[in-house]
Amino acid sequence: MLLIHCPYCGARPEIEFRYGGEAHIARPSDPSALSDGQWTEFLFLRSNRKGVHAERWRHTHGCGRFFNALRDTVTDKFVTSYKIGDPRPVPDEERR
Amino acid sequence: MNITGAAARFSFATLLRNAASGHARWSRQWRSPEPKRGYDAVIIGAGGHGLATAYYLAKEHGIRDVAVLEKGWLGGGNTGRNTTIIRSNYLWEESEALYEHALKLWEALSHELNYNVMYSPRGVLMLAHNLHDVHVLKRHVHANRLAGIDNEWLTAEQAKAFCPPLNILADMRHPVLGAALQRRGGVARHDAVAWGYARASDALGVDIIENCEVRAIRRAPNGAVMALETTRGVIEARRIGVVAAGHTSVIMAMAGLRLPLESFPLQALVSEAIKPVLPCVVMSNTIHAYISQSDRGELVVGAATDQYVSYSQTGALHIPVHTLEAICELFPAFRRLRMLRNWGGIVDVTPDRSPIISKTPVPGLYVNCGWGTGGFKATPGSGQVFAATIASDEPHPLAAPFSLQRFVSGRLIDEAAAAAVAH
């Protein structure tokens, strides 16, 4: 079971959280202007990264708030978690 | 069929002869060749689906200059990790056609491959625990019968008669109100499926190249695929079929493509071996438990996926615990059994829980993926329709509804909503 760091409550066990899928997929600002291909991209296409993955979590059985996290999908180890609206941090692995 | 010096056909006579010589003279069943400079077609992934694709390319389309590349060992991914359930009782017509096509191939597969895949149509029982389940499963029964697929409704008492260890007492947390039974459903030996296809395709001239990880896809100026860079050198190919299950997104990213896929760990576990006790496959979508008994006597239990994207081939303990709680309530006699092994496989899940068998925007690149948590049952059918798609550069009629185009047109085949569960 993952130990997940909620930016508001601290480290808690995974069963308190629900996964929210890939982070930083912005809702279209003008939905009626989107082509079918752009809808496909927004609704269905995912990076499904093997490596550091930016994802949403919700502390359902705690504060109830959404936040984002970076996690390595090979080791399942969290790099960091951050508040919704903050930009995606650049982890050390990606700086090198 | 013996064009490459591969093993001779199995028969009662070869069995007797080898028994008489103490089983010391069985030959290798397939070669371990060095990769050639190039091939007509290269399949990425030597699991059941990839090997089946290569087999039908060689057998039905005369394309024998084929290599199957595998980064690990043959059948070592989800083919060797799944719980081997075979059934075709899906809801939508497109799925019914595809899975029933596969089920019909299973029925003759041991004969076709001259290899015993131990297909055992012992019946798949899907339990209903509430009124909604009853409605959903009855709808499946009727839809299947209209499509000519066997499926029947059993009362709780009839379900218990078919599967005696099942608990149908009314005071359970999730009482059994009835069940849908597909008698032709069952299980097969997963390793034997990979080995049987490997042996049969090798005999037709297919090169199976293990420990060969694809690192990059080289493209021609017109965008078409040209070659693969692998850990065993550059391999040229005009046609590339990607059958890489959980790693499909990784391979397709090498061609600059994003797919509607997310990869999750799916866990399974087996108990210690006991005498025959469970005569069929029992599934419960509502309380998420899948169980059957292997020929070795182990109870084979399938659990749910973990909730997060991962490539780790392992998952959290609370997932199998949840499943085992359900199993213990359905089968109180199993409570004292010890579980021997627990593992995870990485499954590629689509938004509508239906597979993708498709051409791609890149000429010469084809993809067969998104089988999610239930691909094993489709192995022969998946390989056959994907081989036809690669050979003719046109989707096989059964594969056409499962193209990538459905995520643009919106014509999804929503088995997730139909079953309310990943399968």
Side-chain angles (χ1 to χ4, degrees), chain A residues 1-6 11-26 28 31 34-61 66-81 88 93, chain B residues 71 213 244-254 256-265 267 304-322 344 346-354 356 360-361 369-370 403-412 414 416:
Chain A
M1 190 182 300
L2 305 178
L3 189 61
I4 300 176
H5 187 90
C6 168
R12 299 289 182 88
E14 182 196 332
I15 47 170
E16 293 188 10
F17 296 84
R18 285 306 292 176
Y19 188 64
E22 187 171 347
H24 305 297
I25 296 176
L34 256 56
S35 68
D36 289 354
Q38 286 167 320
W39 274 117
T40 304
E41 198 151 316
F42 169 67
L43 290 172
F44 301 128
L45 302 190
R46 296 293 177 263
S47 56
N48 198 23
R49 227 158 105 87
K50 185 176 184 181
V52 178
H53 185 244
E55 58 196 20
R56 303 191 303 169
W57 286 87
R58 183 172 180 235
H59 195 182
T60 323
H61 303 292
F66 273 99
F67 60 92
N68 289 338
L70 293 184
R71 185 177 50 89
D72 188 326
T73 57
V74 178
T75 59
D76 288 340
K77 223 168 129 177
F78 279 90
V79 179
T80 183
S81 52
R88 180 188 187 280
E93 301 84 312
Chain B
K71 79 175 163 140
E213 184 175 349
H247 278 74
T248 303
S249 296
V250 177
I251 303 280
M252 298 306 271
M254 295 173 191
L257 294 177
R258 272 155 64 88
L259 289 192
L261 287 179
E262 288 189 297
S263 296
F264 300 103
Q267 297 185 61
T305 52
D306 284 81
Q307 53 178 336
Y308 46 82
V309 167
S310 177
Y311 290 83
S312 61
Q313 289 191 326
T314 182
L317 187 62
H318 66 270
I319 302 285
V321 166
H322 176 76
I346 301 304
V347 298
D348 44 331
V349 177
T350 59
D352 60 1
R353 302 299 188 272
S354 285
I356 297 165
T360 70
C369 65
S403 79
L404 279 168
Q405 188 55 32
R406 77 177 189 268
F407 298 101
V408 181
S409 68
R411 203 179 164 78
L412 303 183
D414 201 348

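As a basis for the values below, the full set of heavy atoms in this structure was taken, side chains included, without hydrogen atoms, waters or symmetry mates. Per chain, numbering begins at 1; letters A, B, ... match sequence-line order. Note that this is a predicted model, so its numbers are computed, not measured.
Only the backbone of B:L259 comes within less than 4.5 Å of a heavy atom of chain A; no side-chain atom from C-beta onward does. With a threshold of 4.5 angstrom between heavy atoms, B:L404 does not approach chain A through any atom at all. Heavy atoms closer than 4.5 Å to chain B are found in both the backbone and the side chain of A:R18.
With contacts defined as side-chain heavy-atom distances shorter than 4.5 Å, the pair A:F44/B:R406 does not qualify. Side-chain atoms of A:I4 and B:Y308, non-hydrogen and from C-beta on, never get closer than 4.5 Å to each other. Under the 4.5 Å side-chain criterion, counting only non-hydrogen atoms from C-beta, B:V309 is not in contact with A:E22.
Between the side chain of A:R46 and the backbone N or O of B:S249 there is no donor-acceptor pair closer than 3.5 Å. No side-chain donor-acceptor contact under 3.5 Å links A:T73 to the backbone of B:Y311.
Among the candidates A:D72, A:L2, A:I15, the residue making the largest number of heavy-atom pairs closer than 4.5 Å to chain B is A:L2. Counting heavy-atom pairs under 4.5 Å between each of A:R71, A:E41, A:E55 and chain B puts A:R71 at the top. Comparing B:T314, B:I319, B:V408, B:D306 by how many heavy-atom pairs each has under 4.5 Å with chain A, the most go to B:V408. Of the listed residues (A:S47, A:S35, A:G51, A:G20), the greatest number of heavy-atom pairs within a distance under 4.5 Å of chain B belongs to A:S47. Of the residues considered (A:M1, A:H53, A:K50), A:K50 shows the highest number of contacts with chain B, using heavy-atom pairs under 4.5 Å. Ranking A:L43, A:T75, A:D76 against chain B, the residue ahead of the rest is A:D76, based on heavy-atom pairs under 4.5 Å. With respect to chain A, the highest number of heavy-atom pairs below 4.5 Å among B:S409, B:P265, B:A316, B:S312 belongs to B:S312.
Closest approach of A:F17 and B:Q307 over heavy atoms only: O-NE2, 3.3 Å.
B:H247 contributes atom NE2, which lies 9.5 Å from atom CG of A:N48 (distance to the nearest 0.5 angstrom).
Under a cut-off of 6.0 angstrom, the local environment of CZ in A:R88 is crowded, with over 12 non-hydrogen atoms contributed by other residues, nucleotides or ligands.
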